[in-house]
Visitor: 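One structure, as structure tokens, below. Some questions next.
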Protein chains: 4
Amino acid sequence: MSVVESLSNSMSIEVKESCEETAQRGRGRPRDEVARTRILEAALEVLQEVGFANTTTDAIAERAGASKATIYRWWSNKAAVVIEALRKQVSRDTPFADTGDLVNDIHLQLQGFVEFLTGWRGRVFKAFIAAAQNDPAFAESFRTDWILPRREEAKEIFERHKERGALAKNVDLELLLDAMYGPIYFRLLAGHGRLDADFAKSVGDMTIRSLVTS
Amino acid sequence: MSVVESLSNSMSIEVKESCEETAQRGRGRPRDEVARTRILEAALEVLQEVGFANTTTDAIAERAGASKATIYRWWSNKAAVVIEALRKQVSRDTPFADTGDLVNDIHLQLQGFVEFLTGWRGRVFKAFIAAAQNDPAFAESFRTDWILPRREEAKEIFERHKERGALAKNVDLELLLDAMYGPIYFRLLAGHGRLDADFAKSVGDMTIRSLVTS
Amino acid sequence: MSVVESLSNSMSIEVKESCEETAQRGRGRPRDEVARTRILEAALEVLQEVGFANTTTDAIAERAGASKATIYRWWSNKAAVVIEALRKQVSRDTPFADTGDLVNDIHLQLQGFVEFLTGWRGRVFKAFIAAAQNDPAFAESFRTDWILPRREEAKEIFERHKERGALAKNVDLELLLDAMYGPIYFRLLAGHGRLDADFAKSVGDMTIRSLVTS
Amino acid sequence: MSVVESLSNSMSIEVKESCEETAQRGRGRPRDEVARTRILEAALEVLQEVGFANTTTDAIAERAGASKATIYRWWSNKAAVVIEALRKQVSRDTPFADTGDLVNDIHLQLQGFVEFLTGWRGRVFKAFIAAAQNDPAFAESFRTDWILPRREEAKEIFERHKERGALAKNVDLELLLDAMYGPIYFRLLAGHGRLDADFAKSVGDMTIRSLVTS
DNA sequence: ATCTAATCGAGACGGTACGTCGAGTCTTCCC
DNA sequence: GGGAAGACTCGACGTACCGTCTCGATTAGAT
């Protein structure tokens, strides 16, 4: 069983497909957008079923009813296909809780995130993070499109808690968010312990304790 | 089959056998500990030079002056060798701090870990985590040969702090460790913020605050 | 899976496709007949230089400028390649005589076979037979890829002699072939007597005598 | 599944074990003759069960309750052990038939030989012949100890038939014997057709036909 | 109504690494 | 010093996957 797959994806991945590209269409047969879609769907299915390491381009091609040549014509390598497939799936989860009560917000948010990770989206999300470790361009996208917007959303809410006095002004929000999410990411990726509602509760409690004393 | 090897954290080539090791020594030629050490060292060198993805068992074997068969006799696959090699080095270069002072221990440990992650070993470590997400066998090795032994090491020290009364008896050590390491893993993998001594200090402070109130 | 390939005894690199070959040509890149030829030639060269026991698939692949995968796509194992390579050469250098005269055909064929066995290919052939005794898979290849095709070739010619009336209809061709080749195999393997043109002549004479009276 | 095993047995095989060797016994523990016997018996058993190609020294050692070192101390390689083990088993079969009637003698002899080959001794005999192809020393022994004595025996009987006038004086007995045994050896080793009483009968008939007309 | 060029499915190809297996050697302890 | 146990080096095996390539068949815009 092969373990490594991330050879030379240091180069940027061509994913952008702007609509106006059809304008410059030359003479020949136009790109088959159906095939493209089938390939991405197939990639996601295979990925979910067997994991990244056991995902082969042959398997994707076969399931998509496409040929490997078609895959490699449009994506530079296996990782690029899978990553583009993942990108669409990991887009949205529940918005940050905003009940007006700090303790409640934290607990609800952690509960929701753990729920999101438990289930098939968790598997995909793990693959998503893994992919980001191997490809700088994808890592950038991971931060910009996923991590940062969600942190901004959370920080806005925490800012309101600060204004209400529920949260001390001098609390480092970056650190607070790391304290909340870090342990959950850790268990997700290292798998050394259960990742369930109880754990979410404990992490929330601990986070809150570290705040109250400050 | 994974190779559990939490017997001796001795840093050198000592063939010294502790009492319980003589028990399992039957007849026949004993395991060549020198070869074992050479293999781990070679793995580390290859890892450093060509990166995780380009590390091959043949290269390790050749550099170690050992045969592939010997590698596969003692480690279930390439991943296991590489993981153990790196973990050994960490245990050696960054043993869990044991100064007798809880606060100090936590800070020192986090400083050491962040330092470890800054540099080429950090890149390798990220590759490990990525690989673990993709391949169940690798994930198992990663947990068994890296995560769990390190945690055991830390928990023993915390247990002593509990006995001394520096730490409340009812503290959940698993949770404590997640609180310490989680934020660091998070920044390592998501890259949304700096991963330096200051951050380590902040995480340590926060962890300790959450303990004092409990 | 053994590769039956009794289609074209063409001695060169012709990619010419006969009528029934187009039938099995589906879509996709067609088999590279040049590579196939190169592999068989390389096998023969390696065989000659280092002997059967020291012939490796890697060596054949490298010399042929092919990949091992290609070899194993078309031949079930090393033995099959080597057997086919040698058999092809024999069919080419020593095609079954077809002069129209039965007596002549038999004598020429036995002369050619004895000549073949005298020299390096005789040594290789002995190694083949030895290997066939020890390994069922090899034995199967040896029968399918060597013995049977050669016998079919001969039987076709004998059938024509039957139609011309030179050979009685009730002659058992299997037995006839055993009578011709058996004594030669016997001396080759047991080495109890000379294996030369005189012997071939004598065996031919004796075989013919046994036919005339029948 | 490995096919080849005959690497470097071109060197002569040390088998001689004269009884007076015990006289020159030195200081240490004397050779364990029981172990030697066990090894040879084990070799024969393994050989019969799995064939030469699948016979491993480990398997022999394990079954014999011996160690590989002991095997290699007394035999130069795997072939040497197996050959010595075989040598004793293939020693005797039925003596050449001598009924006074030439036709009868030939048929009886061929029947007996085919019977001998059918059954477990046939398997061993095949391995015996195969071994002779790879080792000159063993080939010599095969000829001297097995082939030639039996041919002499047969020739004596045929000489008496000549004196009685049942056989023409000018018949080449060597050739006659090759005609009788060759086809049987051929089928035994190439396995392209049945090797049974019917075949023996046919070969006998054919041999006799070739004689009568001469 | 062709011609021409880009695209598609299929699948063979060179290459690289994998993990396994067997041969024959060596090292320890036991007798 | 022989023998059992078993770890070691060496080298070939056959497999798997990657990314490239070459076919014949499609599919439009250009001529």
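Lettering of chains follows the sequences in order, A, B, ..., and the numbering in each one begins at 1.
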Visitor: Quick one: CD on B/E140 to CG on B/N77, what's the gap to the nearest 0.5 Å?
Guide: 10.5 Å

Visitor: Check this for me, if you would: do B/E84 and B/R36 make a salt bridge, where the nitrogen-to-carboxylate-oxygen distance has to be below 4.0 angstrom?
Guide: yes

Visitor: Could you state the CD1-C1' distance from B/I60 to F/dT9, rounded to the nearest angstrom?
Guide: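 The distance from CD1 of B/I60 to C1' of F/dT9 comes to 17 Å, rounded to the nearest Å.
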
Visitor: Nearest whole Å is fine: how far is E/dG14 C1' from C/R63 CZ?
Guide: 18 Å

Visitor: Using only side-chain N and O atoms of D/K78, determine if any of them is under 4.0 Å from OP1 or OP2 of E/dG24.
Guide: no

Visitor: Please tell me if B/W74 has a side-chain N or O lying less than 4.0 Å from either OP1 or OP2 of F/dC8.
Guide: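 Yes, because at least one side-chain N or O of B/W74 sits under 4.0 Å from OP1 or OP2 of F/dC8.
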
Visitor: Between atom CD1 in A/I71 and atom C1' in E/dT7, what is the gap in whole Å?
Guide: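 Taking atom C1' of E/dT7 as the reference, CD1 of A/I71 is at 15 Å.
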
Visitor: Would you verify whether the NZ or CZ of D/R38 falls within 45 degrees of the ring axis of D/W74 while also being under 6.0 Å from that six-membered ring's centre?
Guide: no

Visitor: For F/dG14, take OP1 and OP2 only and decide whether either is under 4.0 Å from a side-chain N or O of C/W75.
Guide: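 False: C/W75 side-chain N/O out of range (4.0 Å or more) of F/dG14 OP1/OP2.
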
Visitor: If you pin C/D58 and B/D32 to their nearest nucleotides in DNA chain F, which one's is more 5'?
Guide: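 Result of the comparison: B/D32.
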
Visitor: Rounding to an integer number of Å, can you tell me how far C/R36 CZ sits from E/dC13 P?
Guide: 10 Å

Visitor: Go through the N and O atoms of the side chain of A/K68 and the base of F/dG19, and report whether any donor-acceptor pair is under 3.5 Å.
Guide: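 Yes, a donor-acceptor pair under 3.5 Å.
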
Visitor: Could you state the CD-P distance from B/E33 to E/dT27, rounded to the nearest angstrom?
Guide: 16 Å

Visitor: With a 4.0 Å limit, can you tell me whether C/R31 has a side-chain N or O closer than that to the phosphate oxygens OP1/OP2 of E/dA10?
Guide: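 No, outside the criterion.
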
Visitor: Side chains of A/S67 and A/T70: any donor to acceptor distance under 3.5 Å?
Guide: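 The answer is yes; a qualifying pair exists.
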
Visitor: By nearest nucleotide on DNA chain F, pick out whichever of C/A69 and B/A66 is the more 5' one.
Guide: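 In this pair, the answer is B/A66.
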
Visitor: With respect to the phosphate group of E/dA17, does any side-chain polar atom (N or O) of B/T56 fall under 4.0 Å of OP1 or OP2?
Guide: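 The answer is no; no side-chain N or O of B/T56 sits under 4.0 Å from OP1 or OP2.
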
Visitor: Check whether any side-chain nitrogen or oxygen of D/S67 sits under 4.0 Å from OP1 or OP2 of F/dG3, and answer yes or no.
Guide: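 No.
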
Visitor: Taking OP1 and OP2 of E/dC8, is either one under 4.0 Å from a side-chain nitrogen or oxygen of A/R73?
Guide: yes

Visitor: Remember a base hit wins even if backbone is also touched, and classify B/A61 as base, sugar-phosphate or nothing at under 4.0 Å, heavy atoms.
Guide: nothing

Visitor: Taking only the side-chain nitrogens and oxygens of A/Y72, find out if one of them lies under 4.0 Å from OP1 or OP2 of F/dG19.
Guide: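 For F/dG19, OP1 or OP2 has a side-chain N or O of A/Y72 closer than 4.0 Å.
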
Visitor: Hey, is the side chain of D/T57 poking within less than 4.0 Å of OP1 or OP2 on E/dG22, counting only N and O atoms?
Guide: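 D/T57 to E/dG22 OP1/OP2: no side-chain N or O under 4.0 Å.
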
Visitor: Quick one: does B/R29 reach the base of F/dC8 with a side-chain donor-acceptor pair under 3.5 Å?
Guide: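 In this structure, the two groups form no donor-acceptor pair.
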
Visitor: State plainly whether the residues C/E41 and C/K88 are in salt-bridge range, i.e. N to O under 4.0 Å.
Guide: no

Visitor: Determine, for D/R63 against D/E49, whether the closest basic-nitrogen to carboxylate-oxygen distance falls under 4.0 angstrom.
Guide: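 Answer for the salt bridge query: yes.
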
Visitor: Could you check which of F/dA4, E/dG9, E/dG19 has an atom nearest any side-chain atom of D/A35?
Guide: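 Nearest to the side chain of D/A35 among the choices is F/dA4.
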
Visitor: Between C1' on F/dA12 and CD on C/E62, what's the gap in Å once rounded to a whole number?
Guide: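 The distance from CD of C/E62 to C1' of F/dA12 comes to 14 Å, rounded to the nearest Å.
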
Visitor: How long is the line joining CZ of B/F138 and P of E/dC18, in whole Å?
Guide: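 For the pair B/F138 CZ and E/dC18 P, the rounded distance is 13 Å.
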
